[in-house]
Undergrad: 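Have a look at the structure that comes next, please.
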Amino acid sequence: MNLHEYQARDLLKVAGIPMFDGDVASTPTEAEAIARRVGGTVVVKAQVHVGGRGKAGGVKLARNPAEASECASQILGMTIKGLVVNKVLVVPAAEIATESYVGLILDRATQRPVFMVSDAGGVDIEEVAAKTPEKITKLAVDPRYGLQPHQALTLALALYRDWAHVKAATRIMHQLYTVFMSNGASLAEINPLVTTPDGKVLALDAKIIIDDNELDRRPDLAVLRDESGEEPSEVQARRANLTFIKLDGDVGCVVNGAGLAMATMDLVKYYGGEPANFLDIGGSSNPEKVVNALKIITADPNVKVILFNIFGGITRTDDVANGIVAATKQFKVEVPIVIRLTGTNEAEAFKILESVGMAAMNDMDAAVSKAVALAKEAA
Amino acid sequence: MNLHEYQARDLLKVAGIPMFDGDVASTPTEAEAIARRVGGTVVVKAQVHVGGRGKAGGVKLARNPAEASECASQILGMTIKGLVVNKVLVVPAAEIATESYVGLILDRATQRPVFMVSDAGGVDIEEVAAKTPEKITKLAVDPRYGLQPHQALTLALALYRDWAHVKAATRIMHQLYTVFMSNGASLAEINPLVTTPDGKVLALDAKIIIDDNELDRRPDLAVLRDESGEEPSEVQARRANLTFIKLDGDVGCVVNGAGLAMATMDLVKYYGGEPANFLDIGGSSNPEKVVNALKIITADPNVKVILFNIFGGITRTDDVANGIVAATKQFKVEVPIVIRLTGTNEAEAFKILESVGMAAMNDMDAAVSKAVALAKEAA
Amino acid sequence: MSIWIGKDTRLVVQGLTGREGSFHARQMIEYGTNIVAGVTPGKGGQQFDNTVPVFHTVADAVAQAGANCSVIYVPPAMAAGAIQEAADAGIPLVICITEGVPVLDMTVVMPYLQERGVRLIGPNCPGAITPGEAKVGIIPGSICAPGPVGLVSRSGTLTYEVVNHLTRAGLGQSTCVGIGGDPIVGTNFIDVLAAFNDDPKTEAIVMIGEIGGTAEQEAAEFIKANVKKPVVGFVAGQTAPKGRRMGHAGAIISGSSGTAEEKFAAFEAAGMGIMRRPIDVIELLKAKLK
Amino acid sequence: MSIWIGKDTRLVVQGLTGREGSFHARQMIEYGTNIVAGVTPGKGGQQFDNTVPVFHTVADAVAQAGANCSVIYVPPAMAAGAIQEAADAGIPLVICITEGVPVLDMTVVMPYLQERGVRLIGPNCPGAITPGEAKVGIIPGSICAPGPVGLVSRSGTLTYEVVNHLTRAGLGQSTCVGIGGDPIVGTNFIDVLAAFNDDPKTEAIVMIGEIGGTAEQEAAEFIKANVKKPVVGFVAGQTAPKGRRMGHAGAIISGSSGTAEEKFAAFEAAGMGIMRRPIDVIELLKAKLK
């Protein structure tokens, strides 16, 4: 789960990390009030879960409260990469001496949280990594022991020479580690970590991603999810415990398992079609999930055909068949459905579908080709 | 640092461990009020840091509030093994179905916190360990990982068969582990952990010892020290950063280092004398410490001679010499002082003592023999 | 046995009496897997289906039923504890089916297992099957057949898809291992590839990867340097939109973007057969198996 | 060198610029110990006494000054971190003089060191000295002399007392090691006894114990089974009042009361020479060293 910048800032603040003043606003009036309180020139920044906000006009400089209100009214309600902006962050446009990058990431290779710091901050860290990897210092933390004092110091020494800066940054490393661990993050990033002309070290911008698997046991984190900034069909899917990503094609896909779902999309493309979505109904599916999946897919007007590709393991194919039958009883599906089912309880599944006059297939390539052909016919 | 039973009970309560109602009283009136609130028969227990309270008359049963007041007035102010009772704990005299022992100890051999549980509880666990060691289940916890759920369950299964009891005890194991770790304990003990006829599992009596080395960084724990129940000279010594234990002999000992201090006492005995105390001035001693040591020892009327045995390493013998000189200037020492000094800055030390007309020796056996002889002369 | 599981496997099912545990335990028993015990705290002393003894703890299952392998079906929040319990009980091979285990839990589980020399497969994996001998997990036994092909996969159902093609084409399997697609898994491609390489019953290997991370690239390097048997590979996610499934962070650490094309290129560099579709496995393997 | 420290020791002093660190560093330098670096975060780049370079981190001291041994004089709350820093920097031998280190800290330090194969002596110990070669810690060099006697002790000043007797009697020392008296120490009697047993320069061994715990009894068993050289032993605390210095808890775990008499009995059973007084070491050793 991606947190908004203002939410990430709040978690950093709770951990004691020094930050510029500032707050989040939902209306131009609120933005104006924050700008007045903060004083001086401020930056008004769109809070949406996409990159490239600046280029899209979602980040603006305002020299006074009136301008802040003006900027906010321009940004609030605008659409960036398909997402509507509902909140803006208003922070001082700071005088900055240096900019560094500090990130903490759950790393697959070392199987540990790994710090990455660079004194080339403020820019896109992916670019630094690609062009000048020697400017990035990496350090894996053993979570059994936690971040050691000498490790935090080593990271701080990679960024600063001045001992006051080093001391401040050392403390921030410990605090960021605490934020990461105590919130079940998979990423916690300060970019940039800045020094000011008067010698302070402050976090200017923050990004935190929470491991979705933590949310069940961490209701305090789950409530941070801001669904207003997301694609509504994806929100609807998540609420139904489905993993759904909307795409631009016309073949709606309902698949169990992320790998098979991706392979299904690949095969749709292979046979000349375009997938309308990624949709994984997951394991242990029950009929209800299938009904919800069909509701979400049929709501997309681009969809010309619906392709089920279910290989039963922990998922029972009879559950899926029952779901398809239940859905078609609840609402009329206007587009053709191509069903491929095989695996656990497959015989029962075929019987269930046959009993309502629906046909099912056994072969993935045949089903995908047929779905692509039907989509082309309908186009 | 030993905690009183009532302090240990408080820490357990904070951790959520279920306990019988009850409270601590400093006056008979308070004890009466607690007994009234608790209802029924109560036990009134002296709060002093020694074993054998029951045998000494420090634990009494009271059938009603009036009797509780009566018992409290008998116990408060009494002396048990030289310690005056200032507080009593008033708790319900519970109906008990079974009694178990649950202890968590910092173990030298495994270098870990080790649980010991036994369904032979309520009695002296040392006796169980000596006579029926097979009745004790031991389990070392790796503090890097914490107490594992299956470990807590295994401990609970060693005590109970009934699943409701097992579940309750499993939770208590986790809670006791939290108490131990979060308070820097070297021992945390529930004895007995009881079941009641109505199926509850409750901690009846608790004992906690805090690692003294934690107190510097844990002022919240340091304030729990109740000096009223301790030997006043030992309190005075601790405040002066000295380790002091009062004994019954007449040779007052001032030594640096616990090992050498014990060896000095051993040698006093070897030469036919009796040490009046154990006193370790520790490393990095400054003259002030020596002055305080002399104050404490000279306050003991039994002391017939004072024996310094200082082997300088991290302790500088000139500091000690300066301390002796300073003390003799501050107050008159009525008994003879035998001084043995050797090691770091020994030449300076001898000069300092000579400058005020005091003699020092180099040899431990000679010094101890001389001190013993002087004590015998004075007796 | 071919690798890791087989006729000598004496399985304990952690979470046996739960919905998933009991359903799949019955499927495993039906397949012929020797399930010697179940573990559900609070149900010790019961019998499952009147045949399998249930214990409170894995230690009891080892001591009283001689279990030497564990499969885990407990809820995600309890999975780490269940894995560590199995390791403490002396089980050398633990297979965790549970999906949704918090990744930070796994950062602690892994050193716990390494200290005890325990192999974990998963979490969030379909388990493993040695056709004709034993299945541990949820791979449908009906789609498998004994034979010379070793299969290793990060996916669940995609594994079934490929196994199904193999079996229909008369290409049986020595062992199929689903290692799971979570960021931290106990057993990686290289572990399985090394085992297949040393297994006399395995003559060719199929590897099923996904986009994200660099496990496939590392596996390809291992194959190039060490594996003497033919290997064919697939990567799911060729058409996945960029930046939606992969955080950019892992990519920075590894210096890789983790795309399917990058992985296929690594496969080619390692001399592997390239599957553009799952079904391609048949022709590729038939060509390699003389 | 005799054991562990000697002419090849290249020492870094952690906490060099503090009161204790600087005092004892000067004493060590005067004795001839090769101190190559100091570490005090915030003072990197300075020089101590115009001769010893100071670094922010131990890693720098290793990389830039080639340190291969560390001695620690930092405050107790920072000692665990300092030990772990030295271990991470690749220092194989760490000697922690600091007194008052919380015991729970040590329960975590020990596995940290074991994973890295690092030896710790202490905490709360006087360190070690190989007379005529190097002293690391606070044992006064003036009381030592080179020779054939290996000494190991749980005490600080009591060690000096015994060493002093040895030197005055013409019995020099190969190495003297103070292991410290805290409940958890990095190096125990057995580690040192084994090293002395293998050291050609050591011909006889003196072991100084204290009441409490069972380390002396275990050492006696080890001596009986493994040590071929004569060993004499002392236990301080013969007259200590019971129950004041030892918690009863440790005693329950070990099944021992940890008294001096019990330890002396173990010494006797192991065929060791028994020192009733520190000075007894002279006659006992003279008899054993032909």
Side-chain angles (χ1 to χ4, degrees), chain B residues 51 103 105-114 116 125-126 129-130 133 136 138 142-144 181 184-187 189 209 211-214 216-217 245 247 255-263 265-270 275 278 282-284 310-316 342-344 364-365, chain D residues 19-20 23-24 27 76-77 97 99-108 110-111 126 138-140 142-143 153-161 164 181 183-184 208 210-211 213-215 218 234 236-241 243-245 247-255 260 276-279:
Chain B
I105 296 103
L106 206 53
D107 176 42
R108 289 163 183 256
T110 58
Q111 305 192 322
R112 291 181 178 178
V114 169
M116 295 196 305
I125 192 67
E126 282 177 300
I136 298 183
K138 294 172 198 169
D142 187 334
R144 297 173 300 162
M181 296 302 285
S186 52
L187 175 125
E189 196 179 78
I209 302 176
D211 175 8
D212 284 341
N213 290 348
E214 296 278 354
D216 265 353
R217 64 178 178 192
I245 298 173
L247 303 171
V255 191
N256 66 321
L260 188 60
M262 287 192 286
M265 291 158 56
D266 294 352
L267 208 60
V268 166
K269 197 110 174 182
Y270 183 92
F278 169 98
S284 327
I310 304 298
F311 209 124
I314 205 161
T315 302
R316 303 182 207 167
T342 193
T344 308
M364 177 169 164
D365 286 78
Chain D
R19 185 178 185 269
E20 300 301 331
F23 177 82
H24 289 288
Q27 300 244 324
I97 309 302
E99 185 184 344
V101 180
V103 189
L104 282 183
D105 287 6
M106 291 307 301
T107 65
V108 175
M110 288 312 298
I138 61 176
I139 298 175
S142 58
I143 60 171
S153 170
R154 254 167 84 178
S155 303
T157 47
L158 179 54
T159 308
Y160 313 160
E161 186 68 38
N164 201 33
I184 298 182
I208 313 290
E210 284 182 14
I211 51 171
T214 55
E218 286 146 24
F234 180 76
Q238 303 166 53
T239 55
R244 293 303 297 263
R245 295 209 64 228
H248 76 302
I252 297 173
I253 291 181
S254 61
R276 284 282 159 189
R277 298 175 300 168
I279 202 172

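Note that the coordinates shown come from a computational prediction; the quantities given were computed from them, not determined experimentally. Note on naming: letters A, B, ... go to the chains in the order of the sequence lines (proteins, then strands), and numbering restarts at 1 for each one.
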Undergrad: Using a cut-off of under 4.5 Å for heavy-atom pairs, which of D/I279, D/I97, D/T159, D/V108 has the most such pairs with chain B?
TA: D/I279

Undergrad: Could I get the full list of salt bridge (charged side-chain N to carboxylate O under 4.0 Å, His left out) partners for D/R276, not counting sequence neighbours?
TA: D/E261

Undergrad: Specify the closest pair of heavy atoms between B/N213 and D/V101, including all atoms of both residues, with the distance to one decimal.
TA: ND2-O, 3.0 Å

Undergrad: What option among B/G312, B/P275, B/P133 has the most heavy-atom pairs under 4.5 Å with chain D?
TA: B/G312

Undergrad: Specify the closest pair of heavy atoms between D/G181 and B/R108, including all atoms of both residues, with the distance to one decimal.
TA: O-NH1, 4.5 Å

Undergrad: Do B/R217 and D/D105 make a side-chain contact, defined as non-hydrogen atoms from C-beta onward lying under 4.5 Å apart?
TA: yes

Undergrad: Do B/D266 side-chain atoms and D/Q238 backbone N/O form a donor-acceptor pair below 3.5 Å?
TA: yes

Undergrad: Can you name the salt bridge (charged side-chain N to carboxylate O under 4.0 Å, His left out) partners of B/R112, sequence neighbours left out?
TA: B/D142

Undergrad: Supply the atom-to-atom distance B/T110 OG1 to D/I184 CD1, rounded to the nearest 0.5 angstrom.
TA: 7.5 Å

Undergrad: Do B/N256 and D/Y160 have side chains that approach each other closer than 4.5 Å (heavy atoms only, starting at C-beta)?
TA: no

Undergrad: First locate atom OG1 of B/T315, then atom CD1 of D/I138, and finally report the distance between them rounded to the nearest 0.5 Å.
TA: 7.5 Å

Undergrad: Relative to chain B, which segment of D/P140 carries a heavy atom at a distance below 4.5 Å: side chain, backbone, both, or neither?
TA: side chain

Undergrad: Check each atom of D/I139 against the heavy atoms of chain B and say whether the ones under 4.5 Å are side chain, backbone, both or neither.
TA: neither

Undergrad: To the nearest 0.5 Å, how far apart are OH in B/Y270 and OG1 in D/T239?
TA: 14.0 Å

Undergrad: Let me see the working for B/M364 and D/N164 under side-chain contact (heavy atoms from CB on, under 4.5 Å), right down to the final yes or no.
TA: CA-CA 11 Å; B/M364 177 169 164; D/N164 201 33; over 6 Å; no

Undergrad: So, for B/A263 and D/A236, which heavy atoms are closest and what is the spacing to 0.1 Å?
TA: N-CB, 4.1 Å

Undergrad: Do you know which two heavy atoms are closest between B/E214 and D/L104, and how far apart they sit?
TA: OE2-CB, 3.9 Å

Undergrad: Are any of the side-chain heavy atoms of B/M262 and D/E210 separated by less than 4.5 Å?
TA: yes

Undergrad: Please state whether the side chain, the backbone, both or neither of D/P76 comes within less than 4.5 Å of a heavy atom of chain B.
TA: neither

Undergrad: Calculate, to the nearest 0.5 Å, the distance between atoms CE and CG belonging to D/M106 and B/L106 respectively.
TA: 11.0 Å

